[in-house]
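Proteins come first, then strands; the chains are lettered A, B, ... in the order of their sequence lines, and each starts at number 1.
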Amino acid sequence: MEDNFTAVGEQMHQLITSLYPICRSITGDGVRQSFEIIKKFIPLAVYEVPSGKKVFDWNVPKEWNIRDAYIKNTRGEKIIDFKNSNLHVLNYSIPVHKKVQLAELKEHLHSIPEHPDWIPYRTSYYNEAWGFCISHNQLISLEEGEYEVFIDSSLEEGSLTYAECFIPGKLSDEVLIFTHTCHPSLCNDNLSGISLSVFLIRHLMQQKRRYSYRFVFAPTTIGSIVWLAENESNVFKIKHGLICTLVGDTNEFTYKRSRQHSAEIDQIAEYVLKRKSTENKIIDFFPFGYDERQFCSPGFDLPVGRISRATYGVYPEYHTSADNLEFVKASALQESLNIFEEIIEVIETNKRYINQSPKGEAQLGKRGLYSVIGANNEKMHFQLALLWVLNASDGSQSLLDIARKANMKFEDIKNAADRLFECGLLKEKDS
Amino acid sequence: MEDNFTAVGEQMHQLITSLYPICRSITGDGVRQSFEIIKKFIPLAVYEVPSGKKVFDWNVPKEWNIRDAYIKNTRGEKIIDFKNSNLHVLNYSIPVHKKVQLAELKEHLHSIPEHPDWIPYRTSYYNEAWGFCISHNQLISLEEGEYEVFIDSSLEEGSLTYAECFIPGKLSDEVLIFTHTCHPSLCNDNLSGISLSVFLIRHLMQQKRRYSYRFVFAPTTIGSIVWLAENESNVFKIKHGLICTLVGDTNEFTYKRSRQHSAEIDQIAEYVLKRKSTENKIIDFFPFGYDERQFCSPGFDLPVGRISRATYGVYPEYHTSADNLEFVKASALQESLNIFEEIIEVIETNKRYINQSPKGEAQLGKRGLYSVIGANNEKMHFQLALLWVLNASDGSQSLLDIARKANMKFEDIKNAADRLFECGLLKEKDS
Amino acid sequence: MEDNFTAVGEQMHQLITSLYPICRSITGDGVRQSFEIIKKFIPLAVYEVPSGKKVFDWNVPKEWNIRDAYIKNTRGEKIIDFKNSNLHVLNYSIPVHKKVQLAELKEHLHSIPEHPDWIPYRTSYYNEAWGFCISHNQLISLEEGEYEVFIDSSLEEGSLTYAECFIPGKLSDEVLIFTHTCHPSLCNDNLSGISLSVFLIRHLMQQKRRYSYRFVFAPTTIGSIVWLAENESNVFKIKHGLICTLVGDTNEFTYKRSRQHSAEIDQIAEYVLKRKSTENKIIDFFPFGYDERQFCSPGFDLPVGRISRATYGVYPEYHTSADNLEFVKASALQESLNIFEEIIEVIETNKRYINQSPKGEAQLGKRGLYSVIGANNEKMHFQLALLWVLNASDGSQSLLDIARKANMKFEDIKNAADRLFECGLLKEKDS
């Protein structure tokens, strides 16, 4: 098991490694290439939505592609080369090819003085511009003189690309897992979520499922808006949702509640994270961060929370070249995958039952379920779990509600419910 | 008063003393003999429910009776004699008469190694067996050899016996007090509750009553289930209920809330116990313990709580020969009776009123109820109580609600309400 | 600004100074003279309600007027003279002119042993009596002998006088500010509230107003009861109300909640007072104090709270000659006025909006409202305020609700809402 544990984490890291070099953006071939790689692991339906299409308050942007880019110094030496790091180019840069003096060049350069060795990641999606991102040490060493700047990109009518993996279950009710796919060579921010989703899909495809599962891979913000616009008539099926991102670092987990505040997914995620470690944090919804902002906009208000480890925007490596293959760890990825699996396990089994013998207690003895006082602790504990489930199962309380009220583990309550269900003492609510 | 105080406690203890020698069980003549003794104190209607009758998920068990039992050693000496203690026989033992070797005998002996001088109390209601209970010291001193075991019992079609004392009041709404009656020579566990109920009935019969009171004396578990099944069409009348047991020891009181959690009885019991002592404990409902489990099963969910002193199952004397006449104290019994009387006093008077002059304050001065600022503290306090009752009496708040909001004693609020009612400034809600 | 600050406070104090010498009561010419002075500052409609008129549980009392009063000693010297202080006469004293021995005189004298230099303020509205109030030092120095007592008062059919200043706004919904006017030479207790109301009216008349404002000047208790009886058909218009009294001393503020406990006015007053100082206190409603008792009687239950500084009944100067022109401070009056102005500012602007682009986030960038991460703190803060308003504006939450949830200042949330409203992204609820 320990071997398997490491093994899956290593595979997750290997998938990240193979996706790392690709220059992704909110549109373009980098996304399509990434999806081709992912398709080797899981079935994936890829969708193209044309530039200019109205999606609620937005329009699908032009498609951006890039082939090459560099800066040459006076001596004709490439001092910046896109081939070394796709972060070097301002994402969504318009094409440019000209000679500029250092002063003008500097207006188009981005660096991070606080981390002089790192290259920042910058974008300009909705404001046409060109630019380069370089380490601050390199920036300050640039000599006066003429530089040749070259960006071989295109910004044209095309489409925005997103993908779905749908895994049907017994119910048409859906669990949504959303991961963004628009960042170039950044590992924790987008690749960790992609990799976790892929391996979670592989896990789920081997399970018997009550719910149907829909995994969405799309660019952040515009991607979730596009997806909501394209799928508006079906969002009512979403009973639980999670945004999956920043899951490869070694920080404790943070669950950000949905706007509904105590939806079932909020209760389940809190339960699973808190029993894992009291260091894990549960925070209330706020209207910024990742794509939960779209799913939790007031016109949808879906029960969608977010699980992350590093905190959005505040860890130093955020949106820099330091968010690299070393920053994400196989063991952390595996641990994150386990958390998602555990949450899904509770989602699948957190049913509401109705006691079929609700007047007085059922006679457990004639069903072989009675333990006398003085029986061993394990038997007594099971007996108490049986009594809690029977007493609380009036259809209003889920098994997790009962576990919390009884101060018992969810699994113990679930096992008791399973035994009572087998005896015919419980019926599922709504079935 | 002090004399009277001790006097009633002593009488309660004397009743326990007279019931102590009888071998009670969930059925049988021991219960009937006990009811005959109780009938000398209060009117009692006795009911017999035949063996085999279906009661919800259960059936009324066969009736058990016992006349004699002993164990004789190789020398023909009685080393265990039912006549010395009815705890010696496993309650509901089937008849047996044979000779056995020590090894076989030991499979039928029960003792308590932690308390080597005490005889345990054990039962086998739903699993036909025979057995003896002995002190651990005696158990380990038994020599090898042949023993004669003799139990002159019968387990046959018969009936289960329970009794009721109904005291009618102005309303058909009922207060239920339930006490179990199925334990043999155990004092705190069953006899203390029986004795308290008897003396509470005597007290209530001398009072003017708003509510009707129904006292039920029945075996635990099967008895409350039988009673609920036999009286199902009338349980809607139960507005408040208390299980009365373990009330003769000297521990502080514990109130276990009903499943409804904040029914009026829960609020009243909490108020009375907490003002008596902050040491008294209020605990939430859980689905094990005594007969509250039946009344609070989801198919009934009645407002029935439990008042006890010692904690069910965890005090050392529980279900042993040490729960004897010394373990229960006259003063403790009297104190418990007082608590029940105080709770009933609040139940009787905790009305909701409607202010008949709700627009602006009523002019208290013209009714002789106005105290100027600077009046003595007692008058001012009464004045504030009048103002609280008038302001809060919109029909939604009981006098106890008002007392808690005003942070005043229930009696002060009640006295203010009485005065305002006399003036015509209040009307009772629903009357 | 600092000059202006002091200037308004000084004017408030001057108005108090000009009203101070007048002998007011719950009826009579003192009230009318006071209203004539106030009319120089603001428009005022004066109402007379005839003695004997039934008002709910009360009747309008006879009108009381007084011209002169004194006590002369044996030598014919005036030892007490109404002209020196109108507190010397028991308010509502019936006329008297006779000679009495010291012992009899003393039955009609009131003093404060704890504060031997102060004259108490005493009344006898509903119990016909005569009396004088004197310093305790003077009382104990009185020599045996015959005294001439003279009170030239009248208690006759007449009327009770109250006044209103109504300032119409865009809505017919009203904000009520109530101030009592029945105390003679007492500054904090009645004059501070009158002065604050007058200057608040002058402030409001210069503002654009959403709500209509109704200021009521009337005697305490009987005055608010009369006003409610006379205006019963219109009280439904009152959306928010404040009792204004004891606002000239230098204590921290206390807000006493309405009976509704968390009406919008309760939330707003708590927010404004708490952000001003954590020393300010918020207390729950209780049915004594000032005129909130009438507005919050169960037959009306209006959202009317009270703002005061000194605590009713417990500060030493309460109802004594020490509640004088020195006890109230210009700076404190000004500060109190500012608090009322700030509360009204929030009342006026605490709207509920509905996001007009509720599906996904609105595209702020195309409206010039988008700040990238890394923008300066002020811009980022504004951006977050925009996102909070958009996300929360489903019509159920007011701007104050949003400010509290976002942990931001009300003004920042309001400014964000203003900008979004200008863009057409918000519509007012119910408009």
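- Taking chain C as the reference chain and counting heavy-atom pairs below 4.5 Å, the highest number among I225(A), T221(A), D57(A), N127(A) is found for D57(A).
- No other option in C296(A), P287(A), G299(A) has as many heavy-atom pairs under 4.5 Å with chain C as P287(A).
- Side-chain rings of F215(A) and F217(A) stay apart, their centers remaining 6.0 Å or farther from each other.
- H203(C) and F340(C) have their aromatic ring centers separated by at least 6.0 angstrom.
- Residue contact with chain A, scored on non-hydrogen atoms closer than 4.5 Å, is absent for I354(C).
- The contact between Y126(A) and chain C is made entirely by side chain atoms (from C-beta outward), counting heavy-atom distances below 4.5 Å.
- Interface remark: F295(A) contributes no atoms to any contact with chain C (heavy atom separation under 4.5 Å).
- In this structure, chain A has a heavy atom under 4.5 Å from the side chain of Q397(C), while its backbone stays farther away.
- Of the residues considered (E361(C), K405(C), K366(C)), E361(C) shows the highest number of contacts with chain A, using heavy-atom pairs under 4.5 Å.
- Under a 4.0 Å N-O distance rule, the pair E270(C)/R404(C) does not qualify as a salt bridge.
- For NZ of K239(C), the number of neighbouring non-hydrogen atoms (other residues, nucleotides, ligands) closer than 6.0 Å is greater than 12.
- A salt bridge does not link E252(C) to K281(C): none of the charged side-chain nitrogens sits closer than 4.0 Å to a carboxylate oxygen.
- A side-chain N or O of E48(A) and one of S159(A) form a donor-acceptor pair less than 3.5 Å apart.
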